[in-house]
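The next block holds one structure in the form of structure tokens; read it before the comments.
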Amino acid sequence: MKLILLGPPGAGKGTQAKMLTERYRIPQISTGDILRAAVKEGTPMGVKAKGYMDAGGLVPDEVVVGIVRERLQQSDCQNGFILDGFPRTVAQADALNSTLADLDKNLDAVISLEVDPEALVERLTGRRTCRDCGRGFHVTFDPPAVAGKCDACQGELIQRDDDKEETIRKRLEVYRAQTEPLVAYYRSAGLLSAIDGMQDIQVVKNKILAVLAAK
Ligand code: ADP
Ligand code: ADP
Ligand code: ZN
């Protein structure tokens with residue numbers, strides 16, 4: 001299964017991607033996670049990316065395109081992959097097409113998670129992320145069994161620097177201007193399945209599985 005999870009910040013891409021990796025035994029490729037790891041390690045790429053991320057903007061296309069191109073060539077992507085948070089611009093989508101053509105791979109589906117803007121703000125302000133494994137929780141909608149601790153690895157749950165209301169608003173604007181056009185892009189490619197992301201996590205999960213089962 002080779003698929004893209006598309007949707008605004010807070011739509012539930014990471015949450016659903018984690019579920020799909022377990023179900024299909026294929027890796028989740030989250031450019032946000034890869035960039036945050038680079039920032040934490042202080043690599044040259046991380047140093048370059050940090051300013052854009054803190055400001056709620058997009059990291060330059062060539063940086064993320066390079067990350068994904070390299071990642072898709074690793075052996076664990078042989079049987080499929082879930083792209084989460086990439087592509088985010090038309091230029092990235094075009095670059096992905098040529099990378100996939102070079103690797104002789106085709107996308108099976110693009111799942112677009114649709115969520116109202118007000119709900120996104122509430123989701124992102126309440127999001128908590130495991131410092132160690134990156135798993136996401138929500139203080140109200142998906143609380144951990146023990147407050148402040150990751151269910152999967154017991155790591156400490158933290159609030160991401162960019163999950164502050166002001167940065168969230170900026171990220172939502174950037175989404176509308178730069179990423180939303182990809183919905184039409186993939187619809188005209190015949191790959192898009194839109195899913196109502198306003199429902200419970202389990203309901204959304206079952207709808208995604210139903211779409212993928214029909215592929
Ligand atoms: P994205 O990766 O698209 O930015 P996340 O998967 O990190 O989004 O989800 C954002 C926040 O919303 C997290 O705190 C998550 O627990 C919560 N969340 C995800 N899906 C739902 C849902 N269907 N209903 C309510 N909250 C959700
Ligand atoms: P969310 O799904 O909550 O928006 P991500 O973890 O996907 O968050 O991304 C966090 C930040 O990392 C983005 O705001 C952006 O600065 C950067 N980023 C992640 N993926 C990309 C991408 N494909 N292109 C450009 N910047 C990206
Ligand atoms: Zn964890």
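Note that ligands are numbered from 1 as they come in the structure, with each ligand's atoms numbered from 1 the same way. In this text the structure is predicted, and so the values were computed from the model without any measurement.
Between the side chains of Lys205 and Gln16, no donor N or O sits under 3.5 Å from an acceptor N or O.
Of the listed residues (Ile29, Leu96, Ile82, Asp108), just one forms a side-chain contact (heavy atoms from CB on, under 4.5 Å) with Ile4, and that residue is Leu96.
Using a 4.0 Å cut-off between a side-chain N of Lys or Arg and a carboxylate O of Asp or Glu, Arg25 and Asp76 do not qualify as a salt bridge.
Heavy-atom neighbours of Lys2 NZ from other residues, nucleotides or ligands within 6.0 Å: above the threshold of 12. Heavy atoms from other residues, nucleotides or ligands lying under 6.0 Å from CG of Asn79 number 12 at most. With a 6.0 Å radius and a threshold of 12 heavy atoms from other residues, nucleotides or ligands, Arg160 has its CZ atom above the threshold.
Taking a heavy-atom cut-off of under 4.0 Å, ligand 1 is surrounded by Pro8, Pro9, Gly10, Ala11, Gly12, Lys13, Gly14, Thr15, Arg123, Arg127, Phe137, His138, Phe141, Asp142, Gly197, Gln199, Asp200, Ile201.
Using a 4.5 Å cut-off between side-chain heavy atoms of Ile, Leu, Val, Met, Phe, Trp and Tyr, with links allowed through other members, Leu6 and Val59 fall into the same hydrophobic cluster.
Take the Zn ion (ligand 3) as the corner point: the lines to SG of Cys130 and to SG of Cys153 open at 100°, to the nearest 10 degrees.
A 4.5 Å side-chain heavy-atom check between Arg135 and Asp151 finds every atom pair outside the cut-off.
Applying the side-chain contact (heavy atoms from CB on, under 4.5 Å) test to Ala91 and every residue at least two apart in sequence or in another chain returns Asp61, Thr89.
For Leu58, heavy-atom contacts with ligand 2 shorter than 4.0 Å involve the backbone as well as the side chain. At a heavy-atom distance under 4.0 Å, only side-chain atoms of Leu35, from C-beta outward, approach ligand 2.
Near Gln92, the atoms of ligand 2 lying under 4.0 angstrom from a non-hydrogen atom of the residue are 22 (C), 23 (N), 24 (N), 25 (C). Near Gly57, meaning under 4.0 Å from any of its heavy atoms, are these atoms of ligand 2: 14 (O), 15 (C), 16 (O).
For a threshold of 3.5 Å applied to N or O pairs, the pair formed by Gly56 and ligand 2 contains no separation below that value.
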